[in-house]
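Below is one structure, written out as structure tokens, with a few remarks after it.
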Number of protein chains: 2
Amino acid sequence: MMTTTKSASALPLNTILDGDCVAEMAKLPDGSVDLIFADPPYNLQLKGELHRPDNSRVDAVDDAWDQFSSFEAYDRFTSAWLAEAKRILKPDGAIWVIGSYHNVFRLGAELQNQGFWILNDVVWRKSNPMPNFRGKRLTNAHETLIWASRSEGAKYTFNYEALKALNEGVQMRSDWVLPICTGHERIKGADGAKAHPTQKPEALLHRVILATTQVGDVVLDPFFGTGTTGAVAKMLGRDFIGIEREATYREVAKTRIAKIRKFDRQALEVTASKRAEPRVPFGQLIERGMLRPGEELWSLNGRHKAKVRADGTLIGDDIKGSIHQVGAALEGAPSCNGWTYWAFKRDGKMVPIDLLRQQIRAEMHAH
Amino acid sequence: MMTTTKSASALPLNTILDGDCVAEMAKLPDGSVDLIFADPPYNLQLKGELHRPDNSRVDAVDDAWDQFSSFEAYDRFTSAWLAEAKRILKPDGAIWVIGSYHNVFRLGAELQNQGFWILNDVVWRKSNPMPNFRGKRLTNAHETLIWASRSEGAKYTFNYEALKALNEGVQMRSDWVLPICTGHERIKGADGAKAHPTQKPEALLHRVILATTQVGDVVLDPFFGTGTTGAVAKMLGRDFIGIEREATYREVAKTRIAKIRKFDRQALEVTASKRAEPRVPFGQLIERGMLRPGEELWSLNGRHKAKVRADGTLIGDDIKGSIHQVGAALEGAPSCNGWTYWAFKRDGKMVPIDLLRQQIRAEMHAH
DNA sequence: AACGACCTTGAATCATACA
DNA sequence: GTGTATGATTCAAGGTCGT
């Protein structure tokens with residue numbers, strides 16, 4: 001059986017594939033990429049090229065039937081590339097799509113129809129949008145991104161602490177204020193005209209990739225354009241796969257990405273979640289003699305106490321169990337993190353037991 | 001031919017109709033209302049309970065009216081009420097719908113399918129949203145409104161100058177920062193519980209109605225709830241028609257609206273006070289490429305240096321954290337303003353990082 | 001009266017490793 | 001696959017109460 005071209009090791013990493021995105025994705029193996037970032041065309045310029053089922057040509061889009069049929073064509077296109085996208089995503093992978101009100105509702109609905117599970121919609125609030133010159137509508141000052149996991153209940157990567165750090169210590173919100181792509185970042189041709197009409201700012205991709213991938217992950221962009229996704233992926237130590245059918249865009253992207261340098265290892269380390277720390281059983285504090293059986297623990301709020309037993313359980317008034325179970329029971333709470341709830345006394349001072357766990361973890365890191 | 005009950009003069013102005021929105025709209029004549037504002041059920045699909053980190057329980061939207069068996073069922077519902085909405089709208093009328101990522105993509109797609117013409121999508125950026133307690137996603141800090149005319153090319157009302165005035169003389173953008181409905185405005189029952197789980201702020205309706213209707217216009221709200229649309233319409237001298245099938249909500253709305261005075265200049269609108277300087281997270285300098293991950297920063301006193309990481313934290317000798325935290329630690333000080341402490345090198349010169357922040361703020365002010 | 005400490009709350013698709 | 005035990009996790013407003 002011939003599967004070489006579909007083995008994960010054969011992924012065309014850090015290259016730009018030449019062709020239609022559906023056809024090129026079809027060549028990639030199932031479950032092989034970690035993240036997809038897609039900035040699909042907002043309208044397919046179907047006007048004049050659209051045909052009814054009976055092959056008659058639709059030459060105007062000015063009545064209800066034609067409007068509907070053009071949306072139908074857009075939906076078919078969306079459905080086709082999203083189906084391939086879903087197939088090549090790893091089970092715990094995720095997808096980002098970006099659009100404006102012209103197409104984003106169709107994108108979002110089709111994502112849901114195909115069983116993707118929306119995690120957030122994110123508003124890119126442009127700090128320098130184009131004004132509405134005619135004064136007939138509101139300044140169209142934002143675009144919408146949708147972040148979705150491959151299916152309901154699937155795991156996904158989210159570097160919560162890194163994004164919180166990026167936002168000065170407060171949780172990152174679903175509205176991101178970023179400037180549009182201008183100045184020296186905006187790629188221009190020899191004639192001074194912009195190389196691509198909808199080049200996305202690197203800052204946007206920086207946030208997307210930092211938030212939802214790990215170093216070494218594979219990021220695929222089926223509408224690669226001038227390669228912003230690839231450029232930022234490379235900087236951030238991720239691998240990319242681009243798909244682009246316009247030769248001029250591919251050329252611009254290739255030159256652009258070749259100039260990019262990956263950030264050094266230390267710069268790429270980001271603040272990690274506590275969840276990633278190794279688990280330390282409470283019993284180990286007793287085994288190591290950091291706490292003695294029979295010693296009393298106090299709740300940090302001072303309202304409760306319990307006694308340590310040799311097996312690492314606690315015993316309070318009429319209640320026995322783990323540090324978590326006893327804490328929860330005493331507080332009448334559905335759950336309780338015993339590590340941050342209990343303290344012991346040393347030299348007259350209350351010391352949180354979590355300090356002992358940190359000691360053990362520090363030792364583990366040293367080895 | 002008997003058309004009396006469907007003549008415009010027979011419109012049930014400034015009343016709340018008791019019943020299902022499709023059935024009640026069906027009784028209204030073609031082309032009879034100027035504006036529809038619709039806040040349909042969001043189909044949240046919540047699974048379990050959610051607790052805050054302090055173990056308190058979040059009071060979720062678990063009402064029967066928000067439950068749908070599938071996307072197909074939700075789409076059928078949406079299609080049915082939008083078809084009636086379109087029929088009763090005047091040819092030059094318009095519609096607003098509001099939703100979150102759970103339902104808004106389906107709403108927007110169905111609007112387009114039925115031939116409505118989207119004029120803007122508008123983001124309501126909540127100044128005080130509920131955080132994401134488990135740190136698993138971004139704070140869901142916005143909802144989306146869609147503003148559409150009845151069909152492509154149709155005329156519509158847009159009070160451009162009024163909105164510009166409301167926005168301190170600059171063109172109103174498609175992102176609106178408004179607080180959620182709390183405090184005295186939030187209607188509560190005798191037991192102190194909220195009368196309706198999803199009451200919208202009057203400021204939001206104020207802006208919608210002011211922007212897209214004239215005095216004397218008829219505004220219909222098919223999901224009237226506790227009557228925010230009616231209350232604001234009355235204040236602003238517009239007529240309203242509400243439809244609501246829950247008797248308790250109708251009762252609350254009736255009492256509420258009876259107390260409203262037309263043209264009462266209450267403090268509805270968010271105070272247009274001059275805001276403090278916008279907070280700029282340090283991470284934005286990295287995202288925007290003003291500083292590179294791996295780049296070194298020097299303290300202005302020349303005694304210390306540290307390296308920038310991709311998430312906007314610094315790493316020095318044995319110390320990681322924000323620009324403020326690392327500065328404080330290196331100086332042995334309780335606190336430190338990192339913005340005025342750190343500098344980077346460009347062309348052999350030391351440049352304070354605060355200069356970059358000032359650049360960003362200047363951009364923000366310019367728009 | 002003014003201020004500060006403390007408490008409550010909001011349209012939420014909110015966990016995961018291990019046995 | 002399922003069940004159980006561990007244990008990680010919040011921001012801005014507004015209201016209440018005590019000094």
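Worth knowing before you read on, the calculation uses all heavy atoms, side chains too, and leaves out hydrogens, waters and symmetry mates.
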When all nucleic acid strands are considered with a 4.0 Å heavy-atom cut-off, which category describes A/Ile118: base, sugar-phosphate, or nothing? base

Which nucleotide in the set C/dT16, D/dA5, D/dC11 lies at the smallest distance from any side-chain heavy atom of A/Arg275? C/dT16

Under 4.0 Å between a side-chain N or O of B/Arg52 and OP1 or OP2 of C/dC7? no

Given D/dG7, D/dC11, C/dA15, identify the nucleotide with an atom nearest to the side chain of B/Lys136. C/dA15

For B/Leu50 and D/dT10, give me the distance from atom CG to atom P, rounded to whole Å. 13 Å

Once you round it to whole Å, what is the distance between P of C/dC14 and CG of A/Leu119? 10 Å

Where along residues 60-80 of chain B does a heavy atom fall under 4.0 Å from DNA chain D? none

From C-beta outward on B/Asn128, which listed nucleotide comes closest to its side chain: D/dA13, D/dT9, D/dC11? D/dA13

Determine the contact category for B/Gly48: base if any of its heavy atoms lies under 4.0 Å from a base atom, sugar-phosphate if only primed atoms, P, OP1 or OP2 are that close, otherwise nothing. base

Rounded to the nearest angstrom, tell me the gap between atom CD in A/Glu152 and atom C1' in C/dA12. 14 Å

Have a look at B/Pro40 and say if it touches a base, only the backbone sugar-phosphate, or nothing, with a 4.0 Å heavy-atom cut-off. base

Would you say the rings of B/Phe240 and B/Phe224 are close, in the sense that their centroids are separated by under 6.0 Å? yes

From C/dA11, C/dA15, C/dT9, nucleotide with atom closest to B/Ser56 side chain: C/dT9

Look at all strands and tell whether B/Asp39 reaches a base, only sugar-phosphate, or nothing, counting heavy atoms closer than 4.0 Å. base

Checking side-chain hydrogen bond (donor to acceptor under 3.5 Å, both in side chains) for the pair B/Asp62/B/Gln67: CA distance, chi angles, key distance, verdict? CA-CA 8 Å; B/Asp62 54 1; B/Gln67 314 288 326; over 6 Å; no

When the distance from CZ of B/Arg186 to C1' of C/dT9 is rounded to whole Å, what number comes out? 9 Å

B/Lys194 side chain N/O closer than 4.0 Å to the phosphate oxygens (OP1, OP2) of C/dG10? yes

Answer yes or no: is there an ion pair linking A/Glu295 with A/Lys307, defined by an N-O contact shorter than 4.0 Å? no

Base, sugar-phosphate alone, or nothing: which one does B/Thr139 contact when heavy atoms must sit under 4.0 Å apart? nothing

Would you kindly compare A/Glu161 and A/Gln325 by the position of their nearest DNA chain D nucleotide and give the one closer to the 5′ end? A/Gln325

Nearest-neighbour nucleotide for the B/Met130 side chain, D/dG7, C/dA12, D/dC11 considered: C/dA12

Would you say a side-chain N or O of A/Arg279 is under 4.0 Å from OP1 or OP2 of D/dG7? yes

Reckon A/Cys336 touches a base, only the sugar-phosphate, or nothing at all at heavy-atom distances under 4.0 Å? base

Ignoring backbone atoms, establish whether A/Lys164 has a side-chain N or O less than 4.0 Å from OP1 or OP2 of D/dT10. yes

Base, sugar-phosphate, or nothing for B/His51, non-hydrogen atoms under 4.0 angstrom? nothing

Would you call B/Arg207 and B/Glu202 a salt bridge, using N to O less than 4.0 angstrom? no

Tell me which nucleotide, if any, is Watson-Crick or G-U wobble paired with C/dC18 when both distances must be under 3.5 Å. D/dG3

How many Å lie between CD on A/Gln171 and C1' on C/dA12, as a whole number? 12 Å

Determine the contact category for B/Pro129: base if any of its heavy atoms lies under 4.0 Å from a base atom, sugar-phosphate if only primed atoms, P, OP1 or OP2 are that close, otherwise nothing. base

Tell me what B/Lys47 touches on the nucleic acid: a base, only sugar-phosphate, or nothing, going by heavy atoms under 4.0 Å. nothing

For B/Ser100, answer base if it contacts any base atom (sugar-phosphate contacts may also be present), sugar-phosphate if it contacts only those atoms, and nothing otherwise; contact means non-hydrogen atoms under 4.0 Å. nothing

By nearest atom, which of the nucleotides D/dA8, D/dT6, D/dG15 is closest to the A/His324 side chain? D/dT6

Among the nucleotides C/dA12, C/dA11, D/dA8, whichever has the atom closest to the side chain of A/Lys274 is D/dA8

Determine whether A/Trp147 and A/Asp121 make a side-chain contact, defined as any pair of heavy atoms from C-beta on separated by less than 4.5 Å. no

Minimum-distance nucleotide to B/Ser127 side chain [options: D/dA5, D/dA13, D/dA8]: D/dA13

Any carboxylate oxygen within less than 4.0 angstrom of a Lys/Arg side-chain nitrogen, looking at B/Lys47 and A/Glu152? yes

Counting only heavy atoms not in A/Lys305 (residues, nucleotides, ligands), do more than 12 fall under 6.0 Å from its NZ? no

With a 4.0 Å cut-off on N to O distance, would you call B/Lys200 and B/Asp39 a salt bridge? yes

Any carboxylate oxygen within less than 4.0 angstrom of a Lys/Arg side-chain nitrogen, looking at A/Arg173 and A/Asp175? yes

Return the nucleotide paired to D/dG14: Watson-Crick means purine N1 to pyrimidine N3 with N6-O4 or O6-N4, wobble means G-U with N1-O2 and O6-N3, both under 3.5 Å. C/dC7

Closer to the 5' end of DNA chain D via nearest nucleotide, is it A/Ser335 or A/Met172? A/Ser335

For D/dT10, does OP1 or OP2 lie under 4.0 Å from any side-chain N or O of A/Tyr160? yes

Check this one for me: any side-chain N or O of B/Thr182 less than 4.0 Å away from OP1 or OP2 of D/dA13? no

So, is B/Asn140 near the phosphate of C/dA12, with a side-chain N or O under 4.0 Å from OP1 or OP2? no

Is A/Arg357 touching bases, backbone alone, or none of the nucleic acid, heavy atoms closer than 4.0 Å? sugar-phosphate

Answer yes or no: side-chain N or O of B/Lys200 and base N or O of C/dA11 forming a donor-acceptor pair under 3.5 Å. yes

